[in-house]
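Notes to accompany the following structure.
Hydrogens, waters and symmetry mates play no part in the numbers below; they use all other heavy atoms, side chains included.
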Amino acid sequence: MNEQTNRYLAEAPIEKLMLKFSIPSILALLVSSLYNIVDQIFIGRGVGYLGNGATNVVFPITVIALAVALMVGDGCAAFLSLCQGMKDQESSHKSVGNAILIFILASILLVAAFVLGREGILAAFGATEGNIAYARAYFDIIVIGLPFYIFTNGINSIIRADGSPKYSMLSTLTGCIINVILDPVAIFILHWGVEGAALATIAGQIVSAILGMIYLFRTKTFRLQKESFRPNGRIIRKILPLGVSSFLTQLSIVIIMGVMNTTLIKYGARSEYGADIPMTVMGIVMKVFQIVIAFVVGIAAGCQPIVGYNFGAGIYNRVKELYKKMMICEVVIGLISTIAFEFFPVPIISLFGSESELYIQFAIYSFRIFLATMTLCCVQKATSIFLQSLGKPVMSLTLSLLRDFILSVPLVLFLPEFRQLGVMGPLYSGPIADVVSFTAAMIMMVYVWKQLSVNRFVETAIQNEPVLMKN
């Protein structure tokens with residue numbers, strides 16, 4: 001089964017492989033993003049915009065949990081694919097076993113830290129007098145489900161790398177369906193408010209985690225053994241650097257959300273919009289943004305096993321062809337989403353409840369300005385994941401941090417005072433960061449492209465001991 005899967009990655013048509021791996025990956029990530037969107041829609045209609053503001057305050061703790069899950073899961077998935085290309089079966093099963101151990105340890109540490117630091121966390125991420133009660137209630141329940149959330153998102157990356165993207169999609173889809181069914185029951189029938197939405201969310205997460213555990217007994221390219229779960233420093237040192245880009249990308253989202261929320265509250269209070277409207281609107285904009293990113297990352301992450309295997313096997317022409325086709329897809333997604341955000345912002349924001357004219361007005365500005373350069377963002381993020389798939393964590397990490405942290409944080413803090421832009425200033429941080437980071441991505445790819453061209457191999461010649469390129 002293992003040899004058959006490997007030949008398939010090396011010989012099947014690129015378009016067929018992309019469809020097989022990317023579509024389930026997109027759907028899995030899309031469904032995962034919909035957890036928060038569904039909560040926002042039902043809470044917005046059943047509780048009001050202060051309830052939505054509370055979920056925006058709590059949202060960063062789920063992003064932190066996701067960051068840990070992806071650091072371990074994506075790192076293990078990338079390493080697993082490279083091992084398959086190099087025919088290293090011993091390291092394959094040990095990497096998965098060690099990844100599971102890290103999931104468990106990280107879950108315990110994170111839950112303890114969040115429970116003990118609740119008040120400080122809520123204050124740091126923009127809790128106001130209006131939404132603090134809702135935020136506490138939502139936080140106390142969501143934190144219980146974080147271990148299941150971490151395991152589900154981490155193991156799904158490994159499942160995709162194992163050649164079962166459909167199962168990964170099924171796992172996440174099942175959990176989301178449960179959430180969608182329970183949300184309206186809890187909010188509108190049982191009148192449990194934000195607590196009901198949180199309970200619906202963790203119910204779905206628990207089911208998805210159970211499905212992930214079941215898969216470990218039916219893997220394709222490796223078999224877990226007792227030895228797999230023995231802590232191995234060498235393996236862990238291989239896994240974590242490959243996943244650190246995913247980790248810091250998500251962590252930077254947390255930092256920028258904290259800075260964005262506090263800045264919008266500060267300058268919003270001085271404007272006609274008040275403190276709550278800008279912060280709540282931007283939370284919705286960021287979650288809609290994550291829907292688009294689910295498509296972008298889904299394509300790139302779905303192609304990761306294909307890229308990793310072919311690169312590990314030295315078939316560089318297929319690697320180059322994959323990147324070209326990936327970029328065509330990413331540009332199309334970026335253009336479609338930009339058109340939607342520029343011309344149809346009102347129907348999008350209306351999904352989350354009907355509020356005041358000022359609320360709608362700020363939402364229109366937010367979509368049209370902050371997401372104006374969505375196409376450049378799509379290309380940059382996909383390129384970062386592609387570099388991670390090649391075993392180039394330094395390049396991938398640099399590219400991820402450039403947009404989401406190095407540029408965004410200073411811009412959000414500086415722009416409100418620039419020409420007295422005030423509460424509108426942070427909205428311009430997105431386009432500026434996208435232009436600069438896109439330029440950096442293209443410069444990096446020119447360098448990598450030359451390396452791939454110099455090391456060109458005949459497509460049918462699979463090397464058993466390839467020399468991996470250094471960063």
Side-chain angles (χ1 to χ4, degrees), residues 9 14-38 63 66-67 69-71 73-78 80-81 149 152-177 208 212 243 245-247 249-250 253 286-309 322-338 340 371 374-389 396 399-400 404 441:
L9 291 173
I14 295 294
E15 294 85 354
K16 183 178 180 180
L17 286 170
M18 287 183 68
L19 287 173
K20 174 180 173 62
F21 283 86
S22 292
I23 290 179
S25 178
I26 290 170
L27 292 175
L29 292 171
L30 185 61
V31 169
S32 181
S33 298
L34 286 174
Y35 268 110
N36 293 296
I37 293 290
V38 167
V63 179
L66 180 61
L70 294 183
M71 176 176 66
D74 286 358
C76 182
L80 183 62
S81 298
Y149 184 70
T152 296
N153 284 280
I155 206 67
N156 276 339
S157 296
I158 297 170
I159 291 172
R160 288 193 295 270
D162 189 49
S164 299
K166 290 182 180 179
Y167 191 95
S168 173
M169 175 192 69
L170 175 65
S171 167
T172 310
L173 181 60
T174 302
C176 187
I177 290 174
S208 293
S245 175
S246 297
F247 172 76
T249 297
Q250 295 297 322
I253 292 173
M286 292 297 288
K287 288 178 182 177
V288 173
F289 170 78
Q290 288 300 317
I291 293 292
V292 179
I293 296 303
F295 285 92
V296 174
V297 174
I299 293 172
C303 290
Q304 189 175 61
I306 314 167
V307 175
Y309 179 83
L322 263 167
Y323 182 75
K324 291 177 183 178
K325 288 181 166 57
M326 280 171 54
M327 287 306 106
I328 292 173
C329 296
E330 305 295 12
V331 169
V332 170
I333 291 169
L335 291 174
I336 292 173
S337 60
T338 300
L371 302 179
M374 194 70 231
T375 304
L376 302 183
C377 181
C378 292
V379 171
Q380 178 264 330
K381 286 190 174 294
T383 299
S384 176
I385 294 172
F386 180 79
L387 292 170
Q388 179 177 292
S389 303
S396 176
L399 200 54
S400 296
D404 296 322

What heavy-atom pair brings V296 and E330 nearest, and what distance separates the two atoms?
O-OE2, 2.9 Å

Is any side-chain heavy atom of V292 closer than 4.5 Å to a side-chain heavy atom of L371?
no

Heavy-atom nearest pair, I299 first then S22, reads O-OG, 3.2 Å

Side chains of F295 and S337 in contact at under 4.5 Å (non-hydrogen atoms)
no

Pairwise side-chain contact, M374 with F289, heavy-atom cut-off 4.5 Å (strictly under):
yes

For a 4.5 angstrom cut-off between non-hydrogen side-chain atoms, does R160 reach Q304?
no

What's the spacing between D404 CG and L399 CG if we round to 0.5 Å?
9.5 Å

Atom pair CE/CG of M71 and L66 - distance to nearest 0.5 Å:
11.5 Å

Any donor and acceptor pair, going by atom type alone, linking the side chain of T172 with main-chain N or O of S168 inside 3.5 Å?
yes

Check for a donor-acceptor pair, side chain of S396 on one end and backbone N or O of I385 on the other, with a separation under 3.5 Å.
no

About how many Å separate CG of L19 and NZ of K16, when rounded to the nearest 0.5 Å?
10.5 Å

When you measure from the side chain of N153 to the backbone of Y149, do you find a donor-acceptor pair of N or O atoms at a distance under 3.5 Å?
yes

From CD1 (I159) to CG (L80), nearest 0.5 Å
11.5 Å

Can you check side chain to side chain contact (heavy atoms under 4.5 Å, CB included) on V307 and Y323, steps first, answer last?
CA-CA 9 Å; V307 175; Y323 182 75; over 6 Å; no

Determine the minimum heavy-atom distance between V379 and V331, stating which atoms define it.
CG2-CG2, 3.8 Å

Flag side-chain contact, heavy atom, 4.5 Å: K20 against I306
no

To the nearest 0.5 angstrom, please state how far the CG atom of D162 sits from the CG atom of N156.
12.0 Å

Looking at SG of C329 and CD1 of I26, how far apart are the two atoms once the value is rounded to the nearest 0.5 Å?
8.0 Å

Taking S171 for its side chain and S208 for its backbone only, find out whether a donor-acceptor pair lies under 3.5 Å.
yes

In short, P305 meets A161 closest at the heavy-atom pair CG-CA, 3.7 Å

Hey, are the side chains of M18 and M326 touching, using non-hydrogen atoms and a 4.5 Å cut-off?
yes

